[in-house]
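Ligands are counted one by one from 1 in listed order, and the atoms in each one are counted from 1 as well.
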Amino acid sequence: TCMRLRSVVRVTSRALSNAVEGQRQVAAATDEDPGARRTFAEVQKERQEQAKHTVLINCPPNVNEKKFLKYLSQHGQIASHFFYESYGTHAVVEFLDKESIESLRSGTSLPTVENECSLPFKSRLFTLKSESASGNVPVLSHRQSALPINELIQKLCKAQNIEEQAYALLEMHQLTDESIRLRFLVSSLVKDIAAAYFPEATVNPYGSTVNSFGKLGCDLDLFLDLDDIQKRSAVKTTGPFTTEYLTKRVPSARVATQRILSVIGECIDNFGPGCTGVQKILNARCPLVRFSHQPAGLQCDLTSDNRIALRSSELLYIYGSCDHRLRALVFTLRCWARVHGITSAIPGAWITNFSLTMMILFFLQKRSPSVIPTLDQLKGLAGKEDKHIIDGHDCSFVSNLNTIKPTQNSEALNVLLGDFFEFYGNFDFSKNCIDIRKGKEQNKPEVSPLYIQNPFEQTLNVSKNVNQSQLDRFVALARESAWIMQEQSSHPVQKENAAWGLGTLLLPSVFQGIGKIKKKRKRGPASDRIKSLLDSLKTNGKAR
Ligand code: CTP
Ligand code: MG
């Protein structure tokens with residue numbers, strides 16, 4: 001126990017110092033080298049380029065890493081590689097040059113299968129066959145999913161304080177570099193399928209894969225971009241004539257999107273190696289094709305007409321880089337919401353991660369001094385190159401992170417967390433709507449129980465799906481959590497081998513029945529429940 005304890009404490013301290021170091025570097029970049037902080041677009045571009053040079057290989061059991069690398073190096077220099085498990089061992093291999101992939105392809109054959117026939121779609125997904133290349137040392141496999149909650153709580157309990165716990169949770173939950181590489185690779189593989197019809201189409205990840213709030217295992221949101229094709233077709237020519245393509249016509253852009261997604265969905269279903277469970281959900285407000293990419297272990301949502309969502313992904317990325325406390329707070333609260341069933345993996349009347357994040361941003365804008373700027377302030381900092389009008393909506397905001405001044409607010413993370421619960425435990429949801437553009441409550445324009453204004457399409461409510469009973473549960477849990485946070489700061493618990501701080505907040509059983517019971521409960525029983533839970537944890541801890 002002692003050794004484990006030491007190593008975990010080291011990890012959590014490192015997590016905190018990484019974050020602080022990151023912030024220090026950010027500050028240094030602002031003072032000395034304004035070019036050091038890359039924009040969202042630059043980061044995306046680099047990831048996309050990497051993905052084009054990358055292949056996915058299904059490896060034989062017990063593959064020998066050395067032999068594996070030697071074999072592939074015949075085709076060219078390898079820039080990076082890693083292994084992970086999803087229906088067997090897989091390797092993501094990035095070559096330095098794209099030509100290496102052609103070389104690999106040229107030596108690859110289509111499989112011959114008995115009693116079946118393989119469809120001859122040649123992608124960048126390969127199966128490596130071997131008779132003799134297995135090794136004694138298992139390859140290091142990179143984790144692609146988050147830790148189970150009980151293991152997470154155990155790790156958190158070894159930290160020194162709530163702040164360290166939050167940074168440790170961030171470090172354990174956030175997408176790793178490897179996971180992001182794999183996600184961009186899948187995006188690039190889907191692009192290859194779309195390119196069969198639309199050679200100039202691009203496919204870009206958006207949502208939590210790129211907005212810096214993605215948790216290991218979260219879904220992969222993909223945007224099929226055909227707009228650039230239209231823009232390029234408007235090139236001027238000289239002479240007495242202009243030419244345009246003869247095309248089919250449909251009644252609206254929505255119908256065009258539905259047609260295209262329907263066909264691409266068919267292609268993914270019929271030819272996409274490893275793509276299973278393809279569902280076309282074309283009548284949704286935002287039509288989409290949902291499928292599972294088995295070799296990557298990812299659930300994917302492919303859409304095509306929601307360019308504004310790309311902007312909100314970039315906006316969240318900007319906020320995520322504004323202040324180091326923000327991502328730790330968002331990951332902590334997303335985890336809290338998930339374990340207590342406030343958010344859910346199933347679509348329905350629940351609050352979504354996106355809505356919850358908007359609520360956290362709004363809360364941080366309302367601090368005094370504010371922790372992050374309002375969207376209008378970010379728009380005020382925007383340069384000419386940042387101007388984006390999409391379907392008549394102004395989606396402009398600054399892209400250069402160096403122009404955003406660091407906050408004067410230095411409140412501790414545990415204070416912000418406790419006050420978040422208090423803020424929403426007492427928020428007048430019946431009257432007010434949440435607006436991150438202004439950073440101020442506005443009157444609710446309609447009766448939805450929870451109204452969070454879409455930052456760009458200001459007549460839309462991001463949380464239109466949420467019903468009154470889900471909102472009531474959120475408020476009840478926020479109140480209970482505010483109380484637990486207060487209790488913990490006034491009566492610090494014996495920390496060793498016991499759930500404390502975030503550990504207590506994340507124990508599902510502490511909150512049993514909250515939000516289900518209508519009548520007001522006394523505070524006493526919760527503290528009894530915590531006490532008995534802590535006692536049982538102590539006993540378990542000793543037994544180890
Ligand atoms: N989005 C939006 N309005 C909504 C829901 C979603 O603009 N009502 C956009 C946001 O940019 C969001 C993206 O669509 O980031 C993807 O939605 P979703 O997958 O629901 O959220 P994520 O942010 O990806 O979070 P999660 O990890 O839960 O998938
Ligand atoms: Mg998502």
For distances below 2.8 Å, what is the count of protein N, O or S atoms around the Mg ion (ligand 2)?
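Count of protein N, O, S atoms less than 2.8 Å from the Mg ion (ligand 2): 2.
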
Decide if atom NZ of Lys366 counts as having more than 12 heavy atoms of other residues, nucleotides or ligands within a radius under 6.0 Å.
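Result for NZ/Lys366: enclosed.
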
Between Phe271 and Phe121, how do the two ring planes meet: parallel, tilted or perpendicular, split at 30° and 60°?
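The rings of Phe271 and Phe121 lie parallel, inter-plane angle below 30°.
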
Determine the interplanar angle of the Phe429 and Phe474 rings, folded into 0 to 90°, and report it as parallel if under 30°, tilted if 30 to 60°, perpendicular if over 60°.
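If you compare the ring of Phe429 with that of Phe474, the planes turn out perpendicular.
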
Test of understanding: with side-chain hydrogen bond (donor to acceptor under 3.5 Å, both in side chains), list the residues that count as partners of Ser463, not counting sequence neighbours.
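Ser463 satisfies side-chain hydrogen bond (donor to acceptor under 3.5 Å, both in side chains) with Asn461 only.
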
I'd like to know if the side chain of Arg181 pairs up with that of Thr176 as donor and acceptor (distance under 3.5 Å, no hydrogens or angles considered).
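No donor-acceptor contact under 3.5 Å links the two side chains.
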
Check whether the side chains of Asn161 and Glu163 place a donor and an acceptor atom closer than 3.5 Å, and report yes or no.
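Side chains of Asn161 and Glu163: no pair found under 3.5 Å.
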
With sequence neighbours excluded, what pairs up with Thr89 under the side-chain contact (heavy atoms from CB on, under 4.5 Å) test?
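side-chain contact (heavy atoms from CB on, under 4.5 Å) list for Thr89, sorted by chain: Cys59, Phe83, Glu85, Val139.
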
Salt bridge between Arg124 and Asp192, side-chain N to carboxylate O under 4.0 Å?
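Salt bridge between Arg124 and Asp192, a charged N being under 4.0 Å from a carboxylate O: yes.
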
With a 4.0 Å heavy-atom cut-off, what residues sit around ligand 1?
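Residues Tyr206, Gly207, Ser208, Asn211, Cys218, Asp219, Asp221, Ala309, Ser312, Ser313, Arg334, Asn353, Phe354, Val462 each place a heavy atom under 4.0 Å from ligand 1, listed by chain and number.
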
Exercise: identify the closest heavy-atom pair between Ser481 and Leu505
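Looks like CB-CD2, 3.6 Å.
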
